[in-house]
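These figures come from a predicted structure and were not determined experimentally.
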Amino acid sequence: MGFDPDLAAFLRDEPVARIRMQFGSGEAWLVTRYEDVKFVTSDPRFSRAAIVGQPFPRMTKHIIPLDRAVSFTDPPGHARIRRVAAKVFAQRNVERLRARAEQVVSERIAALVAAGPPADLVEHVVAPFPMTMIGEVVGVPEADRPWLMWCAETLISMARDESEVARNGRIKDELYAYFHKLVARRRSSSGDDLLAVLCDARDRGEIDDEELGALVVLVSLNGWHAVRNNSSSMVYVLLTEPGLWDRLVADPGLVPHAVEELLRFIPHKRGVGQPRVATEDVVIRGVRIRAGDVVHISYVTANWDPEVFPDPERFDLDRAEIPHVAFGHGPHYCVGPLLARMESQVLLSTLLERLPRLRLAVPPEEVRWRQDVIIRGPVDLPVTW
């Protein structure tokens, strides 16, 4: 699970660097320091909307979000769309889901115990748990959730050739059409899930059909794969850093704080995500970024900036303050961090309570890591107890 050596070098030696990426055309800037990342992601002179339809430098052959996704929208339109979805992910709504999350994790742990030991924690617990939760939050029928997991898994993969790029394009089209069919069925029904809320907002003219479809696709996919990969990485860290698991077993009240340090510590993304375009000349650390230049930022390196987090390469459960940017920063801050946090807290707390002797069933170096996707995490986690 080591930190990317190239990103580490940029963070240390060239915090505002000119880079060329494998896909897309031209060069881009890469900004890696914590304060600079926060600046770029919150300053209105850096536009996400300006990259739509452009062959911007990127990590993948294909572009993952739909063109009308909120991640490609600038304020004030961004705030208008985000405001609709934010109602579903408000604190009181997420806390109402906690009991359901505890029930789902308990059921999944029972399946794990029935299968082993040893058994794969990812297969039995970590993968199905967040899909059940996001499926219920969004309003996806249970029978459709395995297909949705496959779509998410495929879209975040590094497409190897043009045929896979075309396949991913078809998947995006199918997802868009699928959710619009669900919306059509929900016209006459009520509810408090995301689809119902978005239908109401659409009918009031707050969002249009394309914005609705792009938003629900983005939330559904991210709400599964991000939690799946982050949570499996969290368990790996707790089982391989000496004494951590046993300390949390003895003091489970530390779990919320541990989750925050894990979110900071884990390099959850390979490389960078979607960039921005400078709409004016901007100077960062003495480097002039010209209007029209593409700018990538790295939340991963920001979370390892030694100016903010002393000894960043060390997992420190006693770290006093953890102002990480694992969920982003600025207008494009993740819409569902409270749900993701709650899921990770419930998962770890329940595992600590139910399986206090949980251990890896293989040496740490034999755990397989996902190499073909942009969101990192173990392929599987064989465990015993």
NZ/NE/NH1/NH2 to OD/OE distance under 4.0 Å, R92 and E95: no
side-chain hydrogen bond (donor to acceptor under 3.5 Å, both in side chains), paired with R319, selected from E261, E260, H257: E261
Whether over 12 other heavy atoms sit under 6.0 Å from E353 CD: no
Heavy atoms of other groups near Q22 CD, more than 12 under 6.0 Å: no
Plane angle bin for W304 and F265 - parallel if under 30°, tilted between 30 and 60°, otherwise perpendicular: parallel
Side chains of D193 and V88 in contact at under 4.5 Å (non-hydrogen atoms): no
Shortest non-hydrogen contact between D246 and R359, atoms and distance: OD1-NH2, 3.1 Å
Lys NZ or Arg CZ of R18 over W29 ring: under 6.0 Å, within 45°: yes
Geometric class of the W369/Y236 ring pair [parallel <30°, tilted 30-60°, perpendicular >60°]: perpendicular
H329 side chain reached by V37 side chain, heavy atoms, under 4.5 Å: no
Heavy-atom check, side chain of L215 versus side chain of V84, under 4.5 Å: no
Close side-chain approach of S106 to T350, heavy-atom, < 4.5 Å: yes
Residue pair L339 / I134, side-chain heavy-atom distance below 4.5 Å: yes
Electrostatic pair R314-D311, nearest N-O below 4.0 angstrom: yes
Pairwise side-chain contact, M59 with H296, heavy-atom cut-off 4.5 Å (strictly under): no
Side-chain heavy-atom pair R33, R285 within 4.5 angstrom cut-off: yes
Flag if over 12 foreign heavy atoms under 6.0 Å of CZ, R204: yes
Minimum heavy-atom distance between W245 and L355, given as atom pair plus value: CZ2-O, 3.7 Å
Heavy-atom pair with the smallest gap, counting every atom of G26 and P57: O-CG, 3.6 Å
Heavy atoms from other residues, nucleotides or ligands near CD of E366 exceed 12 (cutoff 6.0 Å): yes
